[in-house]
Amino acid sequence: MKRFLLLLGFVGLVFFGFGQTTIDFETTGDGYTPSATEGSGDTDVFNRSNPNLGGNSSYLWSVEDISLVNPSIALDQIDITGGASF
């Protein structure tokens, strides 16, 4: 019984100990910072877009046929400064 309670406690700590970060791109620049953007819609783009896939009108990040060199997105809620590996 003690082992079961210990296991249950460990599982609870693991389950509730990890946070979740969600970036939905609904608001421009909210939680993320792109190095640059180009285009709109879902072709020749490195930008947020609203393609209305299957009736879902949520924004997502689109990347296709871009001319930008080494584009990136900084996620404001995640900091890995000083990390040795990722």
Side-chain angles (χ1 to χ4, degrees):
M1 183 68 167
K2 287 182 182 181
R3 286 184 183 183
F4 175 74
L5 292 176
L6 182 61
L7 179 61
L8 185 62
F10 178 74
V11 169
L13 286 174
V14 170
F15 183 72
F16 293 108
F18 292 106
Q20 180 178 346
T21 300
T22 302
I23 300 171
D24 60 14
F25 303 111
E26 292 297 322
T27 304
T28 302
D30 185 23
Y32 68 96
T33 305
S35 60
T37 59
E38 71 178 20
S40 62
D42 56 1
T43 58
D44 301 334
V45 62
F46 184 78
N47 206 343
R48 65 191 274 272
S49 67
N50 185 355
N52 194 15
L53 300 172
N56 183 359
S57 62
S58 293
Y59 281 84
L60 51 89
W61 194 263
S62 295
V63 179
E64 181 183 77
D65 297 334
I66 59 176
S67 61
L68 296 172
V69 177
N70 295 325
S72 63
I73 300 174
L75 304 176
D76 302 342
Q77 296 97 335
I78 301 172
D79 182 9
I80 58 170
T81 303
S85 64
F86 182 63

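Excluded from the calculations below are hydrogen atoms, water molecules and symmetry mates; all remaining heavy atoms, backbone and side chain alike, are included. Residue numbers count from 1 along this sequence. In this text the structure is predicted, and so the values were computed from the model without any measurement.
- Between Asn47 and Glu38 the shortest heavy-atom distance is CB-O, 3.7 Å.
- For Phe25, the ring pair (Phe, Tyr, Trp, His ring centres under 6.0 Å) partners two or more places apart in sequence, or in a different chain, are Tyr32, Trp61.
- Note that the CG atom of Asp30 and the CG atom of Asp76 stand 8.5 Å from one another [nearest 0.5 Å].
- Here the closest heavy-atom approach between residue Ser35 and residue Asn70 is recorded as OG-O, 4.4 Å.
- Residue Asp65 comes nearest to Asp44 through the heavy atom pair CB-OD1, 3.1 Å, listed as atom of the first residue, atom of the second, then distance.
- The side chain to side chain donor-acceptor pair (under 3.5 Å) check on Glu26 picks up nothing, with sequence neighbours excluded.
- For the pair Ala36 and Phe46, the tightest heavy-atom approach, listed with the atom from each and the gap, is O-CD2, 3.1 Å.
- Remark: Asn50 CG to Leu60 CG distance equals 7.5 Å, nearest 0.5 Å.
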